[in-house]
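Notes to accompany the following structure.
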Amino acid sequence: MAEEPNRRQYDAAAAQTKWQAYWADHSTFRPLDDGSKPRRYVLDMFPYPSGDLHMGHAEAFVMGDVIARYWKLCGYDVLHPIGWDSFGLPAENAAIKNNAHPADWTYANIDTQARSLHRYGLSFDWSRRLHTSDPEYYRWTQWLFLQFYRRGLAYRKASYVNWCPKDQTVLANEQVVQGVCERCGTTVTKRQLTQWYFRITDYAQRLLDDMTALEGQWPDRVLAMQRNWIGRSTGATVRFTVPGRTEPITVFTTRPDTLFGATFMVVAPDADLAQELVTDDQRAEFEAYLERTKQATEIERQSTERPKTGVFLGRYAINPVNGDSIPIWAADYVLAEYGTGAIMAVPAHDQRDLDFARAFDLPVTMVIDTGEGDPAQTGVATAGDGVYVNSGLLDGLANKAEGIARINAQLAADEVGEPTVTFRLRDWLLSRQRFWGCPIPVIHCPEHGAVPVPEDQLPVELPDLRGAALAPQGTSPLAAATDWVNVPCPICGRPSQRDADTMDTFVDSSWYFYRYCSPQDEKAAFDPAEVAKWMPVDQYVGGVEHAILHLLYSRFFTKVLFDLGLIDFQEPFQRLLNQGQVINQGKAMSKSLGNGVDLGAQIDEFGVDAVRLTMVFAGPPEDDIDWADVSAAATVRFLQRAYRLAADVTSEVGADPATGDQAVRRVTHRIMGEITDLLEIRRFNVVVARLMELVNATRKAIDTGVGPADPAVREAAEFTAIGLSLVAPYVAEEMWQELGQPPSIADTTWPTIDPQLRAAEAATMVVQVQGKIRAKLTVPADITDADAEAMALADENVQRALDGRAVAKVIVRAPKMVSIVPAK
RNA sequence: GCCGGAGUGGUGGAAUUGGUAGACACGCGAGAUUUAGGUUCUCGUGCUCGCAAGGGCGUGCAGGUUCAAGUCCUGUCUCCGGCACCA
């Protein structure tokens with residue numbers, strides 16, 4: 001049945017079209033940038049342009065939008081920009097398939113997403129839009145790379161790297177998840193390659209230390225994950241002399257106090273050290289073992305259940321504390337990349353060492369008696385506290401900290417070791433053998449080696465390759481583009497080659513939030529003066545999937561920019577909000593499960609406001625939303641109810657609410673006060689619940705109370721519209737217009753709450769006798785303690801509960817509660 | 001194993017500093033409107049005993065502190081997320 005035009009109904013589709021145009025025409029969400037207001041920067045993690053927006057985007061963006069719109073109403077000059085992280089593999093794969101250029105697919109998808117973002121009613125400043133794949137952007141990614149290079153923070157190194165056989169490219173450590181490629185799920189293998197790295201390990205301690213400032217501002221789990229990833233561990237380095245070798249072997253241990261129990265050593269088979277130590281007699285066996293190790297996938301290698309394997313290298317080392325000669329083995333349970341790639345094995349007190357000792361019949365010496373039995377017999381290594389035995393200077397001691405201190409002192413005195421800190425974090429491998437990324441601005445000259453491209457020749461633009469020319473070959477497609485690759489050396493002019501790899505796309509996204517501050521700058525990556533005005537970011541919003549990669553890299557970049565003197569702060573994001581996922585029927589949406597929910601279809605059916613409001617109301621922002629558990633249809637009904645309040649108000653614009661009904665005002669101010677508090681602590685779902693209460697209360701006031709002409713009802717309806725504008729901006733604009741107010745509601749101000757009105761609502765007072773509630777009395781909000789007590793004792797239910805007993809004690813918390821303790 | 005988080009009705013979830021457990025919704029039930037279905041509106045809805053008035057129980061489990069515990073303390077179980085042969 002066709003609806004007649006009705007001012008008591010709002011038409012979601014028409015409102016969307018109308019207000020999108022209005023906001024664009026009036027630059028409603030472009031910051032004034034004139035210094036007249038305090039500034040705030042709200043940043044959403046920028047999307048990757050793979051197809052249209054999905055439900056997950058919708059949830060993330062609405063959370064950021066609530067904050068941005070709230071701050072704008074509170075009188076801040078809000079920067080809320082948007083752009084695209086537009087380099088990356090899917091574009092390249094699409095180009096190969098369609099015999100096209102990756103840019104075709106990329107920019108077409110960006111257009112699609114941009115239209116959807118407009119429709120979704122987000123308060124973005126579109127004038128600052130950027131794409132990381134634009135030469136105007138990646139020119140400065142290259143420039144930043146060169147600054148890192150000059151500071152010695154970008155370097156080339158040959159080593160075994162993670163290799164994805166499907167994508168035919170190397171991966172950063174952070175991109176290998178449980179032994180498989182984070183992107184395509186293929187099992188990752190190892191390859192020896194010479195690649196570019198960023199020296200993020202130099203910043204490990206600072207990255208760790210500065211997290212204390214983020215405590216309470218970032219989710220605990222993100223901080224925990226980063227700490228975990230950085231993996232600081234304290235211990236000692238100990239040098240073991242090796243007969244027949246000038247250099248000692250250095251190991252790292254967290255338990256130097258167990259040194260007397262070190263009965264053998266183990267080196268990583270793929271470390272250079274193993275190659276060098278192995279005797280000729282053992283070489284054949286070692287080489288065979290090394291080959292097997294290299295072929296083992298990460299998954300096999302990481303399996304804890306896997307039996308220990310290894311090979312004796314034919315050499316011995318001297319235990320520096322007791323002079324014992326101990327054999328040196330190679331085994332793949334020792335990692336070449338961690339510590340020094342060699343360990344002292346203490347089988348009695350480390351389960352891995354004990355498993356190895358038992359497998360190869362090596363001696364086990366208990367040096368800490370924990371009373372749990374000798375590990376050599378039980379097969380269970382003991383790691384707890386106990387009394388030192390067989391430990392020379394430590395014998396009899398029962399304190400681990402003291403034991404470590406004493407042995408460290410001894411090692412220092414003998415000049416064979418010292419306290420040391422080691423990190424799990426490894427340098428960031430940034431080369432990728434792919435086309436659709438930022439070219440590394442380096443030219444390899446036979447004479448001068450790696451030569452930076454002069455800054456005035458940036459950007460090094462990508463050549464026009466398409467289709468099959470982009471197919472994975474194990475080397476970068478750029479290497480085959482001879483016209484592009486072959487260039488003269490910038491120093492000597494000799495025939496040289498460009499570096500044919502591109503950068504990890506996480507480099508692009510590690511600084512985009514700086515670019516937003518001066519997006520059209522042609523002279524610099526960013527204008528330090530603009531950055532000083534807006535940054536650091538006040539609120540960052542995005543998925544927890546970036547808890548380590550993107551956020552750690554961005555923090556690293558920020559510290560380097562600080563060291564370069566370009567900025568004066570060391571953390572880029574002051575507050576972080578991780579919104580949850582949108583799932584359906586208990587599971588992540590996926591094609592194979594057939595449980596996908598299409599955002600566009602939801603919007604077509606319910607309207608943008610209802611979809612946004614449903615997302616916000618579903619639960620706390622960090623929680624996952626199961627779309628099967630929520631009802632967008634119910635939200636549509638609520639929005640219509642809210643709209644009808646505005647349509648019903650009959651008082652004049654500007655009618656003084658002070659002349660209106662005070663009971664209505666008390667409810668309005670109490671609820672809006674609560675909403676303000678809830679916004680500060682980001683409980684947006686409860687904000688919506690309170691708005692529903694306000695709508696219900698105002699409805700009642702109109703229908704069965706003071707009626708639509710009371711100025712207090714106008715105030716309630718206006719406050720409702722303003723509160724609603726954060727979440728459901730289109731219906732809020734319609735309400736605002738219906739109330740006779742000039743557009744846009746986004747240009748009004750957040751209501752001032754009258755604290756007296758807020759506090760003055762009548763309260764329900766609970767009376768407890770012996771801790772049990774015996775009465776609920778309605779009392780004035782300003783009741784005195786004495787009156788409250790008297791009222792409580794006068795209540796007949798209370799008297800019945802007292803049952804004639806005398807009152808021993810009364811605790812009064814007027815106007816909420818009176819607690820009576822009877823005498824025994 | 002280590003680190004982080006969470007356990008509240010049939011469901012999603014509320015509950016600043018200890019002070020009415022279950023706000024607000026969904027769902028469900030009853031009624032009104034409607035030719036019917038849907039919509040809309042009203043009332044009810046933690047469990048339990050009771051015709052009722054009014055009791056008893058109740059925030060994973062077991063203790064404790066307190067006039068008062070979802071909230072604090074001790075122990076314990078379960079689930080989710082991250083890391084993990086990291087020396």
Side-chain angles (χ1 to χ4, degrees), chain A residues 1 177-178 219-229 231-233 235 251-256 258 262 265-266 268 301-306 308 331-335 337-346 349-353 355-356 383 422-426 544 547-548 578 614 617-620 622-635 637-638 640-641 674 677-678 680-681 683 685-696 699 703 763-773 775-777 797 800 808-813 816-822:
Chain A
M1 182 163 69
V177 178
Q178 311 219 315
D220 289 340
R221 64 172 165 167
V222 174
L223 294 175
M225 280 189 234
Q226 292 217 355
R227 289 202 174 97
N228 225 322
W229 191 261
R232 184 181 198 268
S233 114
V251 303
F252 172 73
T253 176
T254 53
R255 294 297 303 273
T258 62
M265 296 186 81
V266 186
R301 198 176 158 133
Q302 285 177 0
S303 162
T304 326
E305 258 83 286
R306 190 159 149 262
K308 291 283 180 288
D332 65 2
Y333 80 92
V334 173
L335 309 173
E337 302 286 327
Y338 185 74
T340 61
I343 63 158
M344 65 179 212
V346 184
H349 307 295
D350 182 290
Q351 192 60 47
R352 297 155 297 176
D353 295 343
D355 292 345
F356 191 81
T422 300
F423 295 93
R424 204 191 79 112
L425 182 71
R426 297 181 218 169
V544 72
I548 300 170
N578 286 137
T614 302
F617 184 52
E622 317 77 50
D623 285 12
D624 287 351
I625 298 171
D626 193 329
W627 203 245
D629 287 339
V630 297
S631 170
T635 312
R637 290 200 293 274
F638 163 70
Q640 292 290 1
R641 271 166 64 79
E674 285 177 19
D677 296 346
L678 290 161
E680 294 295 338
I681 57 172
R683 307 203 69 99
N685 56 324
V686 192
V687 168
V688 173
R690 294 292 171 268
L691 284 169
M692 288 172 167
E693 279 187 68
L694 183 54
V695 168
N696 291 343
R699 180 82 259 154
D703 289 349
T764 302
M765 185 172 79
V766 175
V767 185
Q768 298 178 8
V769 178
Q770 241 177 344
K772 288 196 185 295
I773 292 158
K776 294 178 184 181
L777 310 170
N797 278 329
R800 185 144 44 102
K809 191 161 131 191
V810 179
I811 295 140
V812 183
R813 296 281 182 277
K816 300 296 273 182
M817 197 241 12
V818 174
S819 183
I820 299 166
V821 187

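Below, chain A is the first sequence line, B the second, and so on; all start at residue 1.
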Picking from [options], which would you name as closest to the side chain of [X]?
X: A:Glu693; options: B:A15, B:C67, B:A23; value: B:A23
X: A:Tyr333; options: B:C85, B:G19, B:G12; value: B:C85
X: A:Arg424; options: B:A15, B:A84, B:C24; value: B:A84
X: A:Arg221; options: B:G4, B:C67, B:A14; value: B:G4
X: A:Lys772; options: B:A15, B:A87, B:G56; value: B:G56
X: A:Asp220; options: B:C67, B:G5, B:G13; value: B:G5
X: A:Lys308; options: B:C85, B:G19, B:A15; value: B:C85
X: A:Pro620; options: B:G13, B:A87, B:C67; value: B:G13
X: A:Arg641; options: B:G19, B:C41, B:A25; value: B:C41
X: A:Asp677; options: B:U16, B:A87, B:G81; value: B:U16

Suppose we define a pair by two distances each less than 3.5 Å, Watson-Crick or G-U wobble; what does [N] pair with here?
N: B:A6; value: B:U78
N: B:U42; value: B:A30
N: B:U59; value: none
N: B:G22; value: none
N: B:A68; value: none

Inter-nucleotide [atom1] distance ([N], [M]), Å rounded:
N: B:U45; M: B:A53; atom1: P; answer: 12 Å
N: B:A68; M: B:C72; atom1: C1'; answer: 13 Å
N: B:G55; M: B:G4; atom1: C1'; answer: 44 Å

Handout entry: Glycosidic conformation of B:G9, taking syn as within 90° of 0 and anti otherwise
Key = syn

Handout entry: Sugar-phosphate only, base, or nothing, as touched by A:Asp629 at under 4.0 Å among non-hydrogen atoms
Key = sugar-phosphate

Practice task
Under 4.0 Å between any heavy atoms, over every strand shown, what does A:Thr764 touch: base, sugar-phosphate, or nothing? Just pick one.
Solution key: base

Starting at atom [atom1] of [X], determine the distance to atom [atom2] of [N], rounded to an integer number of angstrom.
X: A:Trp229; N: B:C83; atom1: CH2; atom2: C1'; answer: 8 Å
X: A:Phe356; N: B:A87; atom1: CZ; atom2: P; answer: 18 Å
X: A:Arg813; N: B:U17; atom1: CZ; atom2: C1'; answer: 12 Å
X: A:Ile681; N: B:U17; atom1: CD1; atom2: C1'; answer: 13 Å
X: A:Gln770; N: B:A69; atom1: CD; atom2: P; answer: 12 Å
X: A:Asn696; N: B:C24; atom1: CG; atom2: P; answer: 8 Å
X: A:Asn797; N: B:G55; atom1: CG; atom2: C1'; answer: 12 Å
X: A:Arg690; N: B:A25; atom1: CZ; atom2: P; answer: 10 Å

Exercise for the section: Ignoring backbone atoms, test whether A:Asn685 places a side-chain nitrogen or oxygen under 4.0 Å from the OP1 or OP2 oxygen of B:A14. Expected result: yes

Practice task
Test for a donor-acceptor pair under 3.5 Å between the base of B:C26 and the side chain of A:Ser631, counting only N and O atoms.
Solution key: no

Completion exercise
Walking RNA chain B from its 5' end, the first of A:Ile343 and A:Met692 to be reached, judged by nearest nucleotide, is A:Met692

